[in-house]
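Notes follow the structure.
When a ligand or atom number is given, it counts from 1 through the structure's own listing order. Values in this document were obtained by computation on a predicted structure and should not be read as measured data.
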Amino acid sequence: MEAPKTVSYSLMFLAIFVLLASALSLANAKIQEHEFVVQATPVKRLCNTHSTITVNGQFPGPTLEVNNGDTLIVKVINKARYNVTIHWHGIRQIRTGWADGPEFVTQCPIRPGESYTYKFTIQGQEGTLWWHAHSSWLRATVYGALIIHPRGGETYPFPKPKRETPILLGEWWDANPIDVERQATQTGAAPNISDAYTINGQPGDLYKCSSQGTTIVPIDSGETNLLRVINAGLNQPLFFSVANHKLIVVGADASYLKPFTTNVIMLGPGQTTDVLIAGDQPPSRYYMAARAYQSAQNAPFDNTTTTAILEYKSAPCPAKGVTAIKPLMPFLPAYNDTNTVTAFSKSLRSPRKVEVPSEIDESLFFTIGLGLNNCPPNFSPSQCQGPNGTRFTSSMNNVSFVLPNKISILQAHHLGVQGVFTTDFPTKPPVEFDYTGNVSRSLWQPIPGTRVTRLKYGSRVQIVLQDTSIVTPENHPIHLHGYDFYVVAEGFGNFNPKKHTSKFNLVDPPMRNTVAVPANGWAVIRFVADNPGAWIMHCHLDVHIGWGLATILLVDNGVGLLESIESPPEDLPLC
Ligand SMILES: *[C@@H]1O[C@H](CO)[C@@H](O)[C@H](O)[C@H]1NC(C)=O
Ligand SMILES: *[C@@H]1O[C@H](CO)[C@@H](O)[C@H](O)[C@H]1NC(C)=O
Ligand SMILES: *[C@@H]1O[C@H](CO)[C@@H](O)[C@H](O)[C@H]1NC(C)=O
Ligand SMILES: *[C@@H]1O[C@H](CO)[C@@H](O)[C@H](O)[C@H]1NC(C)=O
Ligand SMILES: *[C@@H]1O[C@H](CO)[C@@H](O)[C@H](O)[C@H]1NC(C)=O
Ligand SMILES: *[C@@H]1O[C@H](CO)[C@@H](O)[C@H](O)[C@H]1NC(C)=O
Ligand SMILES: *[C@@H]1O[C@H](CO)[C@@H](O)[C@H](O)[C@H]1NC(C)=O
Ligand SMILES: [Cu+2]
C-alpha cells in the first residue's frame, strides 16, 4: 500500500505548489482604480476655441499604464450633454464582454448625468493599446493611450529603452465633430473632412496659430526612445516618419513583432505600432510628421501634415534674439503610395513560430465596401446630397449594419429577448461578382439589417475580408473586438482559395486586432473563438461605421464557468 500513498503525497505537494504559485502571481498583479469624467472643456486649436468633450479636462485623455495581469476599474461619469461609452481598444475582455463598450452592442449608452464602472483584467497582453469613446463621433476627442508593461520581473524582448513616448495621432475639426456627423447623416453626403491632424493633441507648427503648443519629444545622444504610435484619427489612414532616424518596428496592436527597420510606417485608424529610435544623429531638432494615406478615389481628404519635434537634450541653444533652429523635415510618401503600404505590411512577422489554427471549423467570406442608396420617396433632395442624388451607405456581405436602440445585442442574447437581431448573417456574399472590377450599378444598394454570425465556443475561424470597388476601392481598417487574430495573407484583386490558400503564412504571421485590408484587395484572418460574448467587427473609419460597415460575431459560452461570460455588472446602463 506504499505506492498510492506516495502518489497522494506528491499530489498534495503539487496542489500546494500550484496554490502558492497562483497566490504569488496574484500578489504581483495590481488593481488600479480610476475615475473618468466626460465633460465639455474649452480647447483652443487652429486659432479658435471649441467646447470640446474630454476626459478629466485633458486632451488627449489620461494615459493608463498597467502591467500584464493587472485589473483596471474605471468609473466613467458622464457630465457631457451626449450619450457616451468607452471602449478599451484591443483588450481581449476575456469573459468580461460587458466592459467592452460599443453602444448598443455590449451596453446601452451612459446617459448624461449617469455613470458606469468598467472592470476588466489584462490577460496575456503586452504593448500599446488605447481607449476611446464608442458612441457617435465622440472619439474624435475622447481618447487616450493604454500601455501594458510586462508583468513585474519580466522584460521586453529587446533592450530596455531609456525613454518611452506615446505618440497619439489624431484628427481635429475646427467645428463640433458631433455637428459634422449629424450634418452628414442629414444630407446623406460624405462628412466634412478634418482641418488638421494632431500629435498628442497638437497640430504642430505647420498650421496657423499652432507653433506655441507643438509637441516636443525628448531624446539624448546614445539613448533609445520607444515610440508607441497610435492612429486615433477618426477617418484617415496615416503615414508616419521621423527625419534622419530609422524606425525599428518591434510591435503592433500589443503583439510583438520580429524587429525590422524602415523609414516610414502606415497606420490605419485603430492600429498601433511600437518603434524604437536611436539618438544617433547630430544633437539638433528633427520633425516627426504624419499625413494621409488616401486610397479612395475622387474623394476629398485632409491633405495637411502634422508635426512634433524630436529634440536632443544636448542640442545647442539658439543665441539670444535668434529664432530656434528650423527642424529637418522627414520624407513622407505620396498620399496614394500604396506600394509603400504593401511593402510595410508584408514586413510584419511574429517573432517566432506561432500556433495558427491549421484546421478550420468556420470558413467565412465577407465583402466590405461602400454603396449608394437611391433617394427614398419621402426624402427631400436636401437629404440626398450623395453622388447623383443618392445617400452614402456601406455594408458587409450586402448587409448594412443597423444597431438596435432599445437593448444591447449582448443583453438581448443573455436574456433571450427575441426580435432584436437574427443569426442569419451570410457566410459568403449572397451574389458572387468581380468584386474589384467595374461593378454593375444594380449591385450597389445593400439591405439594412441587424444580422449576426453565431459561433460555437472554441471553433477555429477563418474570415476572408474582401474589398469591393463599389463607389470606390478603399483600404478599410477592420477591427475585431474581443480577439487578436493572425493575418495569414493579403493580396490584391479577388481572393481565390485555389490559388491563394497554399501561400498562407501559417508559421509566423503577425497578430493584430485591426487589419488594414488592401484597397481593391483582400486579407485573411484566423483565430480561435475562445471568448464568449457579442463582438462587433467593424471598419475603424467612423464615417463607414455610421453607414453600416460592421457586423457582430456572437460567440456562445463553452462548458462550465471558465468558458462562460460573467454575469452583467449591477450598474450596467440600460436603455
Ligand atoms: C461643413 O463644411 C461646409 C463647407 O465648408 C460648411 O459650410 C459647414 O458649416 C460645415 N459643417 C460643419 C458641421 O461644420
Ligand atoms: C497634398 O499636399 C502636397 C504638399 O504637402 C502637395 O504636393 C500635393 O499635391 C497635395 N495633393 C493633393 C491631392 O491635394
Ligand atoms: C498618385 O497621384 C498622382 C497625382 O496626384 C498621379 O500622378 C500618380 O500617378 C498617382 N500614383 C499612383 C500610384 O496612383
Ligand atoms: C453620376 O452620374 C453621372 C452622369 O450620369 C455618371 O457619369 C457618374 O458615373 C454617376 N456617378 C455615380 C457615383 O453614380
Ligand atoms: C462599366 O460598366 C458599364 C455598364 O455595365 C459601362 O457602361 C461602363 O462603360 C463600364 N466602365 C468601364 C470603365 O469599363
Ligand atoms: C444587395 O441586395 C439588394 C436587394 O436584394 C440587391 O438589389 C443588390 O443587388 C444586392 N447587392 C449585392 C452586392 O449583393
Ligand atoms: C441616448 O441613449 C438612449 C438609450 O439609453 C436613447 O434612447 C437615446 O436616443 C440616446 N440619445 C441620443 C441623442 O442618441
Ligand atoms: Cu471603411
Side-chain angles (χ1 to χ4, degrees), residues 45-46 48 50-52 136-138 140-141 171-196 234-235 239 266 291-303 332-343 365-374 376 382 385 390 393-402 424-449 451 466-475 492 494 518-521 542-543 546-549 551:
R45 294 291 183 276
L46 304 178
N48 296 313
H50 292 281
S51 173
T52 302
S136 65
W137 268 25
L138 279 179
T141 57
E171 236 176 311
W172 180 262
W173 275 261
D174 199 6
N176 178 346
I178 304 297
D179 292 344
V180 175
E181 181 194 21
R182 280 187 185 155
Q183 185 179 38
T185 307
Q186 273 159 18
T187 63
N192 287 0
I193 57 172
S194 56
D195 297 289
L234 215 59
N235 296 322
F239 288 116
M266 194 288 286
R291 77 169 183 216
Y293 165 52
Q294 172 73 2
S295 55
Q297 285 160 15
N298 305 316
F301 67 99
D302 178 351
N303 189 28
L332 284 163
Y335 73 92
N336 57 356
D337 189 348
T338 292
N339 287 342
T340 293
V341 174
T342 308
F365 187 114
F366 294 175
T367 56
I368 55 176
L370 303 187
L372 294 177
N373 281 334
N374 295 325
S382 69
Q385 296 187 43
T390 61
T393 181
S394 200
S395 65
M396 293 175 94
N397 275 357
N398 206 35
V399 181
S400 185
F401 183 70
V402 180
D424 60 349
F425 187 83
T427 57
K428 61 182 177 47
V431 179
E432 284 179 30
F433 56 99
D434 176 4
Y435 307 111
T436 57
N438 176 20
V439 182
S440 157
R441 191 67 180 75
S442 67
L443 294 168
W444 285 28
Q445 182 161 323
I447 314 162
R451 298 164 69 179
Q466 169 74 58
D467 186 30
T468 76
S469 55
I470 295 175
V471 184
T472 174
E474 184 163 2
N475 184 302
F492 290 99
N494 296 312
N520 250 345
D542 272 25
V543 50
W547 290 341
L549 216 176
T551 190

**Fill in**
By chain and number, the residues contacting ligand 1 below 4.0 angstrom (heavy atoms only) are Ala175, Asp179, Val180, Gln183, Asn192
**Item:** Derivation and outcome, side chain to side chain contact (heavy atoms under 4.5 Å, CB included), residues Asp467 and Tyr435
**Value:** CA-CA 7 Å; Asp467 186 30; Tyr435 307 111; over 6 Å; no
**Asked** Can you say whether the rings of Phe366 and Phe425 are parallel (under 30°), tilted (30 to 60°) or perpendicular (over 60°)?
**Response** perpendicular
**Asked** Would Trp173 and Asp179 satisfy side chain to side chain contact (heavy atoms under 4.5 Å, CB included), going step by step from the backbone distance to the final call?
**Response** CA-CA 10 Å; Trp173 275 261; Asp179 292 344; over 6 Å; no
**Asked** Between Gln385 (side chain) and Ser382 (backbone), is there a donor-acceptor pair under 3.5 Å?
**Response** yes
**Message:** Quick one: does any side-chain atom of Glu181 pair with a main-chain N or O of Trp137 as donor and acceptor, under 3.5 Å?
**Reply:** yes
May I ask you to list the atoms of ligand 6 that are less than 4.0 angstrom from any heavy atom of [X]?
X	result
Gln445	1 (C), 2 (O), 3 (C), 8 (C)
Ser442	7 (O), 8 (C), 9 (O)
Val431	14 (O)

**Asked** Any idea which heavy atoms bring Trp547 and Ala190 closest together, and the distance?
**Response**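 Nearest heavy atoms, Trp547 then Ala190: CZ2-CA, 4.0 Å.
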**Item:** Validation row, ring centre Tyr293 to ring centre Tyr335 under 6.0 Å
**Value:**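 No.
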**Message:** So, regarding Leu443 and ligand 6 (criterion: nitrogen or oxygen to nitrogen or oxygen, under 3.5 Å), is there a contact or not?
**Reply:** yes
**Spacing of Asp302 atom CG and Leu234 atom CG [to the nearest 0.5 Å]** =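 Interatomic distance, Asp302 CG to Leu234 CG, rounded to 0.5 Å: 12.0 Å.
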**Asked** Are Phe433 and ligand 6 in contact, using a heavy-atom cut-off of under 4.0 Å?
**Response**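 Under 4.0 Å: yes for Phe433.
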